[in-house]
Every structure is written in C-alpha cells, then in structure tokens.
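Comments concern the structure below.
In what follows, residues are counted from 1 in the order of the sequence shown.
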Amino acid sequence: MAGHIIAVVGGKGGVGKSVFAANLAISYLQEFKQRPLIVDLDLSSLGDQNIILGQSPQKNIVDVSKMPPGPIDPKSLAPYMVNAPAGYSYIGAPRDAIIARDLDLDGLGRFYKAITQVFNLTVVDCGNGTDAHALKTFEYATAIFVVTTADVIVVNQTKRVLAKIQELLFPPEMVQIIINRFSQNNIINPQIIQKNLNRAIFAAIPEDVNSADSCLAKSTPLCIGVPNAPVSRAYHDLVRKIQQTNLLENLAKLKKPTGVAAKAQAAALSLVPGGGGGASGTEGAGGPSGRSAFGFLDPWTLMKLRLHKALVEKMDLKKTNTDTGDPKQKAVLREKTQKVVVEVLNNEDTSSLLSTRELKSQMIKEVLDEALGLGPLEDLLADDSVTEIMVNARDQIYIEKGGKPTMSKVTFSSEQQMMNVIERIVTPLGRRVDEKVPFVDARLPDGSRVHVIIPPLALRGPTITIRKFPKKRIEARDLVGFGSMTEEISDFLRCCVEAKLNIVVSGGTGSGKTTLLNVLSNFIPASERIITVEDSAELQLGQDHVVRLETRPKNIEGEGEVSIRDLIKCCLRMRPDRIVVGECRSGEALDMLQAMNTGHSGSLTTLHANNPRECISRLETLVMMAGLGLPAKAIKENIASAVNLIIQQSRLSDGTRKVTHISEVTGMQGEVISLQDIFLFKQEGLDKKRKIIGRFVPTGFIPKFVEEMEAKGMKISRGLFASK
C-alpha cells in the first residue's frame, strides 16, 4: 500500500513548525517502528532542520529534484539522504539562497510520486506554505498540518495561509490545525482560535521552554532527548490519534487540484498578472453575499474563478494587451471578451446560483472587471459619492461618503487578485511594488491618488488607499457651496493669488489641501507660465501654459531616482512665472523658500500641520532636513521673508472640510516669526444631526499686503476685514 506525505506549514515565522515536523516524524517512528522520511523544504530558513536533527547532509532537496530520470528507490536515494542511527531518513534544504532558486518543480513532483512507494510516512517542512514549492507538495500530500500559536498576530497570519489554500481549491478536509507551545494560562484559548480560524483544532502541543532549549542546544529532537516529558507525550498522542481516526487513509481518497504550483508564480488559478480581480457583492437571494470573514470562498466566488480560468484558457489573456489606453480599443476588447464569457457561462450549471437575468449579468460584469479592469474597485471608482477607498485586506474594504467612512459590501476573491489590480495600476506609470520595494505612490488615469503597501510590511496582506478626484474639476464656487469658505473669502484669495503672494496651504491628512491648492492654482492668470512639481501628478489646472513635472522612484538597480528637490532646481531654469509644488515633505522646503525669495513670487505649496503656528514650526523642521546646517535664525528669517499667507484647511468632526484660518506672516519679532489671523472659522455648536454649526469671521486685522495690492489696481473693500 502506498505511503502518505504530510506537509507542515507555519501560520507565521517563528511558530516552531520545523521542530513540530521533526518530532512528528520521530514520534511516528517510535510509536509504530517504521522508518519515516523527513524533508526540509523551507527554502527561507535554509537549514534549520540540520540544527534540530543534528545532521549535516552533503546533498539537499535541490539535488534530489535534479536526479536523472529513472526509478527512485532506497538505493538511488542513498547519495542524497542521511539514514540516521535513530531510525529515520532525512533530506535537507540547501544552505545557500542562490542554490535554492535552482529547485526543479517537475523533478520535485517526480520525487513525491515515487517516494510514497519507499516510505510509509514522509513529513515535509514546507515553510510558509504559499510558495510554488510548497504548493507542489500540497498536490502530492495526503494532509496539510498548519501550525499556529496562541498569539493574535500569528492567528491572523494563519487566516491568510488558510485562505490561500482554499483559494487554490485544495479540499478543506486536508487541512489540520495544530496549536504549538500551548499554555493553559494563555488568555487566547483553543476555542477562541477555533472560532477565529473557523476550523476545528486537531491537536495542541504544550509549551516546554526548558526542554526545547536544552534539546535544541544538543541538536536532539524532543522525542529523543526528553522522551518522557509532557511535550513528547503530546507528539505520541498526536500520531496515535492520526492512526485511530484513520485520518490519512480517509484523506487519501480526496481529489486534489493539479498544476497549481506551475501557475503560482504567474497567478493563482491562472489569474494572469495585470488581469485584475475581485468579487463585487450583490444583495438579494442567490447573490454573492455571505462570504466568510475568514477568507473561505462561497459558491458565487468559486464560479467566478472557474469562469475566469476558462476565459484565460480560451483567449490567452497573457498575450492580450489588456492595458491599452485607447477607449475604442478597450470597448472592442471588452465586447470580444464578453462574448467568450457568455459562451463559457452557457456551459455552466447556473440554475441554482444565477436564477435571474440580473444575477447572470452581474456575474458577467464581475468576470469582465477582473479580466480587464480593477475588479471590485471599478464600481466604487464609478460612484461619484465615494471620495476615498481604503482596502485594509482582501475581504475588508472601507469607503468614505459625505466625510464618513463605512464598510463596503464588495470584496476581493483573493490576495493574488489584489496584486493583479496593483500591478495594473503601477505598471503603466513605470513604477513597481515587490518585496524589495513593498510600497509605492501612484495615480489612476483620472488623477486619483493611490498608495499601496504589501507584505511583509502589511501584516494582513496588500493594502490599497485611493483618494478619488472628482470627474468634474472643483472650482471656488463649489467650495463655497460645500460651506468650506464664503464668497467673500473666495474673492479675497483670488486677489491674493493674482497679486503673486507666496501661499502655503496647511492641513492634516485628508483635510482637502490638494483640492484647495488646485482651486488656488486655477486663480493664476492664463497668461502666466506655470510649472507644477508633484510626487504623483494630481493637480488639474485649467490653464494652457502649464508644464507638469513628476518625481521618479529608484529603478530595480537602485538608481535613477529623481526627487522633488531635483525637479524644483530644474524648474528654476525653465522660466516659470509660477511654481506650484504639490507638497513639501522634506528638504525640498528649503528649495521652495529659496525660489520664493529669488524672484519667483506667487508660488504655492502644501504641507502637513494642524494650525498656522505649527505650519511655521514644521517648515523650520523641513528646512533642517535639507542637511545644510543653517542656523535657526537664518531659517526663520528665510521663512518670514518668503511666505506671505498661510491657509489652514481642516477636516472637522462631522466630516466636513473647511478653511479654519487665513493668517498673514507679518515678519520677525526678535527670534519669533509673527503671525496675524485675518479670517477664522468660529464653531458655535451642533445641530440635531450632529453637524457643526459655525461661521466665518474676520478678526478686524487689515493685512499689510493690502496696500501693495491696491497699488497694483486691485480693489479690496476695507469693510471685508471689519470684525463682526
């Protein structure tokens, strides 16, 4: 009778899955007197099993995967494995990451197919369980043991591993949960873990720090070094439970997917890179509602994945340019793809799931969005009432409407589909996001700002934040209509821009700084030459004489970066009448001040601060970041002479965004930069709907620059500044 393969994976690094794999095999040896094989396939730790077992093999699993064609038996395997005196056999992992890259997946598959005829039990230490070599092991394994611990972060990461296994359509029954290092005193008990993972716990291995440290120091497995310890008895109880429940014999009858590992590096279930992916939710009977919060797939999503897989096979989307920027070509491609999706759908049994024409149309739309668009984000981007999209995890997407965040009903089907969407966003911009550079700022074609951060920095999986820009450019009258300012303040700001005052828009994250900067920039006369400098081009200027500059990140060799500072220096040589910098975040603040002080008046920029006084302090800090070692007094004098006006934009507690301060920088008084408020927003209370009631009031101070503006022919009523 053929033997069995148990794949051991960790919910997170450091859970002790390598120690578990070794002792599982040795307890089987001691209990049933049959020689097991231990395979170290953890290509990230590169040899932890050598320390645990006290072995130093000359060959490794990469060599095994490259064995010449022919029968695999104990004799042919002898040069590649260690037959330990304790009674087990062992094949180690390579000790060099470069060698690990040469692992032959097909050769590994041939080895697994043959090894069950040689050993009754093979235990494979698979690392984190999501790499291609681990997926190849799953294809041949009888059972997958997922090792976790009573730790919030570990349990959360274990969810991701379970979701990945489920997304690849491996039978859920294959997966057995093991709690390692379990203590009765831990506040997180097995019931809590079981509820969070939505899986039954198969076994718990008790914590025994002293025995574990002692055996590890001696390079001796626990079941050999301390055979009578509670932790060793727990391993024996585990293998007896496996035997008594006929676990492996029952699981061996399950049908498992094949070819998963070969496709894993491109995409799970043949979801090609750049193909996008998602699962939009639709309420109603039979719709795609009821997804598991723990990442397991419902029938709607499973059907969608099958349709997408068939679509890829029929159209060969890998060779199809789905990123064309031509709207006509996009329409033709979508129509062609839709015909194929309908054809595939007609071969599916849809009577129970797609009972109405509306549900069938929804399914077709979602498959098209996955293949050609941005998956579940498509509908959110099309909804004008949505101002921000915040993807915390594949199954948790928040949106902002009316200044208030709410949970969206849509989800992604998998993390791989999220990565496909991310690739589709950043690739046309010449940017990248991977393990070496795990975060990126980008933009959508409509100018919406996108920030992406992926594992290992993001613990719950890829995270996407999209700050949407309205399809219609927001103008000053719109801000007046929103209550962000009054018409008098709008006219005053227009005069300030036309008079070439240097203006800094200050505010917190999401307060509307960039929107206000865009409105101010559109006050610039059309006859003037404007140069914009941004990290990600977002400004939407209505003038014709505009040059737009955008930074560039480092390339894959770590070279070629172009920063805001570089671009500001460039634009000074481009004869600008106005310089508009999207945001000052670092040493570029010094270059901006230098430009303001050297004849480039009328410059505009934004920075993060909570009030005008903090704005001045932050400017000082940013100038220091330029690294020139300027004295504090010189920095303050530069700021006082360069900046004329600070506009404070704030997001209030009810979600509304308002201009709360307009302050003039009046100069220096001793060692302090003087500020004088011109207009303030005065909060007076809340209405029945908890909306803020308030009004914009002048302080009675007449700015010093008003006389200069009047000298240029601008008419400004002094009554505008009279206190009320």
Side-chain angles (χ1 to χ4, degrees), residues 167-169 257 259-260 262-263 266-289 291 297-383 410-414 416-425 427-428 444-446:
E167 288 160 9
L168 297 175
L169 304 184
V260 174
K263 301 172 185 176
L269 288 171
S270 300
L271 296 176
V272 296
S280 299
T282 302
E283 298 203 76
S289 57
R291 287 178 179 80
L297 304 183
D298 57 287
W300 177 277
T301 306
L302 289 172
M303 177 178 284
K304 186 144 59 86
L305 290 173
R306 290 196 302 272
L307 292 175
H308 196 288
K309 181 178 181 181
L311 174 65
V312 172
E313 292 172 350
K314 280 182 172 290
M315 288 193 65
D316 196 4
L317 288 179
K318 292 180 181 180
K319 296 181 180 179
T320 303
N321 180 16
T322 59
D323 291 323
T324 175
D326 187 341
K328 292 183 179 179
Q329 290 184 17
K330 281 186 175 181
V332 171
L333 179 60
R334 191 173 182 92
E335 183 179 351
K336 178 182 175 183
T337 308
Q338 182 171 338
K339 290 180 180 178
V340 178
V341 174
V342 173
E343 179 185 333
V344 172
L345 190 60
N346 289 335
N347 296 326
E348 284 271 345
D349 180 10
T350 61
S351 56
S352 60
L353 191 61
L354 307 181
S355 55
T356 66
R357 181 180 297 176
E358 290 76 14
L359 288 173
K360 186 174 287 189
S361 298
Q362 177 70 14
M363 174 64 76
I364 293 171
K365 178 184 180 301
E366 291 187 13
V367 174
L368 289 174
D369 286 345
E370 290 179 4
L372 305 176
L374 301 183
L377 303 184
E378 288 284 346
D379 289 338
L380 299 179
L381 290 169
D383 187 346
V410 302
T411 65
F412 284 93
S413 295
S414 68
Q416 180 60 48
Q417 290 179 338
M418 289 185 68
M419 290 303 301
N420 293 340
V421 167
I422 291 168
E423 287 295 324
R424 181 175 289 278
I425 292 170
T427 300
L444 297 178
D446 66 355

Min side-chain heavy-atom separation E423-N420 under 4.5 Å: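 No, every pair of side-chain atoms sits at 4.5 Å or beyond.
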
Sub-4.5 Å side-chain heavy-atom contact between K365 and D379: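 Touching, per the 4.5 Å side-chain cut-off.
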
Euclidean distance, E366 CD relative to I364 CD1, rounded to 0.5 Å: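 Going from the CD1 atom of I364 to the CD atom of E366 covers 11.0 Å.
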
Rounded distance (nearest 0.5 Å) linking atom OG1 of T411 with atom CE of M418: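 Those atoms lie 10.5 Å apart.
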
Considering all heavy atoms, the nearest L374-R424 contact: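 Looking at all heavy atoms of both residues, the shortest contact is CD2-CD, 3.4 Å.
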
Salt bridge (charged side-chain N to carboxylate O under 4.0 Å, His left out) involving E358 - partner list, sequence neighbours excluded: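 Result, salt bridge (charged side-chain N to carboxylate O under 4.0 Å, His left out) vs E358: none returned.
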
